[in-house]
Structure formats: C-alpha cells, structure tokens
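Structure first, commentary second.
Numbers for residues simply follow the sequence, beginning at 1. A quick note: this is a predicted structure, and the numbers were derived from the prediction, not measured.
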Amino acid sequence: MNRIFGTTKPKVPRPTINDAIKTTDSRADSVEVKIKKLDAELLKYKEQMARMREGPAKNAVKQKALRILKQKKLYEGQRDQLVQQSFNMEQGSMALDNLKNTLTTVDAMKFANKELKGQYKKINLDKIEKVQDEMEDLLEQANDIQESMGRSYGLPDGIDEDDLEAELEALGDELLEDDAEPSYLQEPEMELPSASLEDPNQSQQIPGALEEAIPNKQLNV
C-alpha cells in the first residue's frame, strides 16, 4: 500500500521566533570568535613590523596585515547585522507576548462580564427590598414582644422613686444587722494580765495596811 499511495512525510515543526533569536545569536558569537583571531594576527604583524627596517620585507608583512584588517572589517559588519537582527526579533517577540497577554485578559473580561450578567438576571431588586422590609417589621415585633413580656403586675400606683431609694438604703442596714452574730453566740473577751515591771522580790512583800487586815496566824504560815 505504501508503494502505491506513498507515505506522508512527518510535519516539521515551524521555527519559532525564539529559535530564530538563538540561531542568530549563535552565528554572531561565531563571527566574534573569528574577529578575535584576526586581532591576534594583526597584533603579531604589528610587533613584527616594529622590529623590521624599511624595505621589501616590511612591505610584504604590511600587505598581509592590511589583508587581515579587511577581513576583520568584513566580519565586524556581519556581526553588527546579526546583532541588529537579533535585537529586532527580540522586540517582535516582546510585542507578540504582550499581544497574547492582552488577548488573554480580554477573554477573561468577556467571560467575567457574561457570568455577571447571568447572575444579575437571577437577582430581583424589588424582592430584596421586600425581604429587608419584612425583616425590619419582624425585628420590631420581636422588640414589642420582649417589652410586653417584661411588664410588672400588681404594683400600687403613686409610688415615689425617692421613697423607694430611702427604703432600699434602710433595707441594706437591716440586712447588715441581721447578718451579725447573736450576742449569746459570741464568746466573752478575756483580759490578759499585763506584764509587771516590778522586782519579783518586792512583789512578795505584803504592804503594812494589808498585814493588819490579815490575821497573824495566816502570816505566820
């Protein structure tokens, strides 16, 4: 079958601008290497001419140096062209990347606008306002219910706030008195004897007035 219809050749991928930039830079680098070799030869011929006297031999070396210099100028022109080409392609690559980014941004914005329009169609502003009004009414009803449940019953009319405050203060004093411990439960306070500063020998002597009151028999004991 392949002999009759033949085979399709595999498609060669098309070179990209980045591939072209790399190829151009590589060529420019190779030309730069050749220019450096020519510079080395020119330096050698220049040193050789500096040691030679004027004459046919020096003129021959001079002609070789001029030929090398012409080749160098040619290579420098090629190098400059390649560098400029690479620079132009880099600018084109940057412009292409910016354009791709712009297209991606535009597509994203279109998708976002489409989604927003679809979501806004599902929203009814009148229904939202209605829900808000109903919520406000329900909260007001809840507050009314709380106030109604917090009312007091059976309080006499005409109660003065000053009288209530005075009664509250008096009630506090009564509570403090009630909390105090009863007198029959309190332990009696015992007085401790004070330390005497007199001489112990002097304290054993009985005053004269006390001796008369105590019988002699007890004193003799």
Side-chain angles (χ1 to χ4, degrees), residues 1-52 54 56-140 142-143:
M1 296 296 293
N2 292 335
R3 293 179 180 179
I4 298 173
F5 297 102
T7 58
T8 59
K9 295 181 179 180
K11 293 182 179 181
V12 179
R14 299 177 61 182
T16 62
I17 191 170
N18 291 326
D19 295 336
I21 291 172
K22 290 180 181 179
T23 302
T24 305
D25 290 339
S26 177
R27 292 176 58 190
D29 292 338
S30 63
V31 173
E32 185 68 27
V33 172
K34 293 179 180 179
I35 292 173
K36 290 181 179 180
K37 289 182 178 179
L38 295 176
D39 287 335
E41 291 182 10
L42 287 173
L43 182 61
K44 182 180 67 173
Y45 288 143
K46 187 176 180 181
E47 292 176 353
Q48 185 178 356
M49 290 170 60
R51 295 191 301 267
M52 296 176 66
E54 296 293 337
K58 185 175 182 180
N59 290 333
V61 175
K62 184 177 181 181
Q63 292 300 321
K64 291 180 182 180
L66 291 174
R67 187 170 57 252
I68 297 298
L69 184 60
K70 289 179 182 179
Q71 293 179 1
K72 177 185 175 184
K73 293 295 182 182
L74 178 63
Y75 285 139
E76 287 178 348
Q78 291 180 358
R79 181 197 60 188
D80 294 340
Q81 289 178 359
L82 293 172
V83 171
Q84 185 63 38
Q85 290 176 7
S86 178
F87 177 72
N88 293 336
M89 287 188 291
E90 286 179 355
Q91 286 186 330
S93 177
M94 292 176 62
L96 181 60
D97 292 338
N98 292 333
L99 182 59
K100 290 180 180 179
N101 293 334
T102 302
L103 293 175
T104 303
T105 304
V106 171
D107 291 339
M109 293 176 65
K110 288 180 179 179
F111 179 77
N113 290 337
K114 184 179 179 180
E115 290 293 323
L116 288 173
K117 289 179 180 179
Q119 295 297 329
Y120 278 128
K121 288 180 181 179
K122 299 178 183 179
I123 297 174
N124 190 341
L125 185 59
D126 295 334
K127 290 183 179 180
I128 294 175
E129 292 180 353
K130 183 178 180 181
V131 170
Q132 293 291 338
D133 294 338
E134 291 178 354
M135 180 65 69
E136 185 177 0
D137 295 337
L138 290 174
L139 291 176
E140 290 180 358
N143 292 331

Under 3.5 Å donor-acceptor pairs involving side-chain atoms of residues 60-68, not counting sequence neighbours:
none

Point to revise | For Ile17 against Gly92, the heavy-atom pair lying closest together | key: CD1-C, 4.0 Å
**Study point:** Approximate separation, where rounding is to 0.5 Å, of Leu69 CG and Leu74 CG
**Key:** 11.5 Å
Practice item. Name all residues meeting the side-chain contact (heavy atoms from CB on, under 4.5 Å) criterion together with Lys130; count only those two or more places apart in sequence or in a different chain, and write none if there are none. Key: Glu134
Review point. Atom CG in Asn59, atom CE in Met52: separation rounded to 0.5 Å?
Key: 8.5 Å
Check your understanding: Do Val33 and Lys36 touch side chain to side chain, with heavy atoms closer than 4.5 Å?
Key -> no
Revision key, fill the gap. Smallest heavy-atom separation, Ile123 atom then Ile128 atom, equals CG2-CD1, 3.4 Å
Point to revise | Lys37 NZ to Ile35 CD1 distance, which is reported to the nearest 0.5 Å | key: 12.5 Å
Check your understanding: If you look only at pairs with a residue in residues 76-88, which of them pass as a side-chain hydrogen bond (donor to acceptor under 3.5 Å, both in side chains), with sequence neighbours excluded?
Key -> Asp25-Ser86, Glu32-Arg79, Gln84-Asn88
Exercise for review: Check side chain to side chain donor-acceptor pair (under 3.5 Å) between Lys58 and all other residues, then give those that pass, not counting sequence neighbours.
Suggested key: Glu54
Point to revise | Partner residues of Asp19 under the side chain to side chain donor-acceptor pair (under 3.5 Å) criterion, sequence neighbours left out | key: Thr16
Check your understanding: Are Lys46 and Met49 side-chain neighbours, meaning at least one heavy-atom pair lies under 4.5 Å?
Key -> no
Review point. Backbone N or O of Asn98 within a donor-acceptor pair of the Thr102 side chain at under 3.5 Å?
Key: yes
Check your understanding: What is the distance from atom CG of Asn18 to atom CG of Asp97, rounded to the nearest 0.5 Å?
Key -> 7.5 Å
Point to revise | Smallest separation among heavy atoms of Val83 and Ala28, with atom names | key: CG2-CB, 4.4 Å
Exercise for review: Could you tell me which non-hydrogen atom of Leu38 sits nearest to which non-hydrogen atom of Tyr75, and how far apart they are?
Suggested key: CD1-CD1, 3.4 Å
Distance-only donor-acceptor hits, side chain of residues 103-116, under 3.5 Å, sequence neighbours excluded:
| residue | atom | partner | partner atom | Å |
| --- | --- | --- | --- | --- |
| Thr104 | OG1 | Lys100 | O | 2.9 |
| Thr105 | OG1 | Asn101 | O | 2.8 |
| Asn113 | ND2 | Met109 | O | 3.2 |

Practice item. Return the minimal non-hydrogen interatomic distance between Leu42 and Lys72, and the atom names on each side. Key: CD1-CD, 4.0 Å
